Amino acid sequence: MSAVWRFCRILYVTCTRAEESLALVIYSDDPNAVAATMIGKEGVSEDEVLVS
(Lines give C-alpha, C1' and ligand atoms only; values in the text may rest on other atoms or scores of the structure.)
Protein backbone atom coordinates (compact mmCIF):
# COMPACT_ATOMS: atom_id res chain seq x y z
CA MET A 1 0.00 0.00 0.00
CA SER A 2 1.54 3.31 -1.07
CA ALA A 3 1.64 6.45 1.03
CA VAL A 4 -0.47 8.29 -1.57
CA TRP A 5 -3.15 5.58 -1.45
CA ARG A 6 -3.23 5.71 2.36
CA PHE A 7 -3.54 9.51 2.27
CA CYS A 8 -6.41 9.32 -0.23
CA ARG A 9 -8.19 6.73 1.91
CA ILE A 10 -7.83 8.83 5.07
CA LEU A 11 -9.05 11.92 3.20
CA TYR A 12 -12.05 9.99 1.86
CA VAL A 13 -12.98 8.70 5.31
CA THR A 14 -12.59 12.16 6.85
CA CYS A 15 -14.73 13.83 4.19
CA THR A 16 -17.49 11.24 4.29
CA ARG A 17 -17.74 11.23 8.08
CA ALA A 18 -17.90 15.00 8.60
CA GLU A 19 -21.36 15.66 10.02
CA GLU A 20 -21.52 19.43 10.46
CA SER A 21 -18.60 21.07 8.71
CA LEU A 22 -15.29 20.33 7.07
CA ALA A 23 -12.43 22.63 6.06
CA LEU A 24 -9.77 21.55 3.60
CA VAL A 25 -6.63 23.63 3.17
CA ILE A 26 -5.07 23.11 -0.25
CA TYR A 27 -1.80 24.71 -1.26
CA SER A 28 -1.53 25.21 -5.01
CA ASP A 29 0.20 27.39 -7.60
CA ASP A 30 -3.20 27.78 -9.26
CA PRO A 31 -5.88 28.03 -6.54
CA ASN A 32 -8.54 29.16 -9.01
CA ALA A 33 -8.13 25.93 -10.99
CA VAL A 34 -8.51 23.92 -7.78
CA ALA A 35 -11.65 25.88 -6.90
CA ALA A 36 -13.11 25.37 -10.39
CA THR A 37 -12.46 21.63 -10.16
CA MET A 38 -14.09 21.40 -6.74
CA ILE A 39 -17.11 23.47 -7.79
CA GLY A 40 -17.51 21.33 -10.91
CA LYS A 41 -17.89 18.22 -8.76
CA GLU A 42 -21.27 17.15 -7.46
CA GLY A 43 -21.96 18.29 -3.91
CA VAL A 44 -19.70 21.37 -3.77
CA SER A 45 -21.29 24.76 -4.38
CA GLU A 46 -19.55 28.03 -5.21
CA ASP A 47 -20.38 29.58 -1.83
CA GLU A 48 -18.57 26.70 -0.07
CA VAL A 49 -15.19 27.38 -1.69
CA LEU A 50 -12.94 30.20 -0.49
CA VAL A 51 -9.86 31.16 -2.50
CA SER A 52 -7.36 33.50 -0.91
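The shown structure was predicted, so the numbers you read here are calculated from the model rather than taken from an experiment. Index from 1, following the sequence.
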Which atom pairs, donor and acceptor, lie under 3.5 Å between side-chain atoms of residues 10-18 and protein residues at least two apart or in another chain?
| from | atom 1 | to | atom 2 | distance (Å) |
| --- | --- | --- | --- | --- |
| Thr14 | OG1 | Ile10 | O | 2.8 |
| Thr16 | OG1 | Tyr12 | O | 2.9 |
| Thr16 | OG1 | Val13 | O | 3.2 |

Which donor-acceptor pairs under 3.5 Å do side chains of residues 30-39 form with protein atoms, sequence neighbours excluded?
| from | atom 1 | to | atom 2 | distance (Å) |
| --- | --- | --- | --- | --- |
| Asp30 | OD1 | Ala33 | N | 3.3 |
| Thr37 | OG1 | Ala33 | O | 2.9 |

Indicate every side-chain donor-acceptor pair of residues 1-9 with a distance under 3.5 Å to a residue at least two apart or in another chain.
| from | atom 1 | to | atom 2 | distance (Å) |
| --- | --- | --- | --- | --- |
| Ser2 | OG | Trp5 | N | 3.1 |
| Arg6 | NH1 | Met1 | O | 3.3 |

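Checked against side chain to side chain donor-acceptor pair (under 3.5 Å), Ser45 has the following partners two or more places apart in sequence or in another chain: Asp47, Glu48.
Counting Ile, Leu, Val, Met, Phe, Trp and Tyr side chains that sit under 4.5 Å apart, directly or through other members, Val25 shares a hydrophobic cluster with Tyr27.
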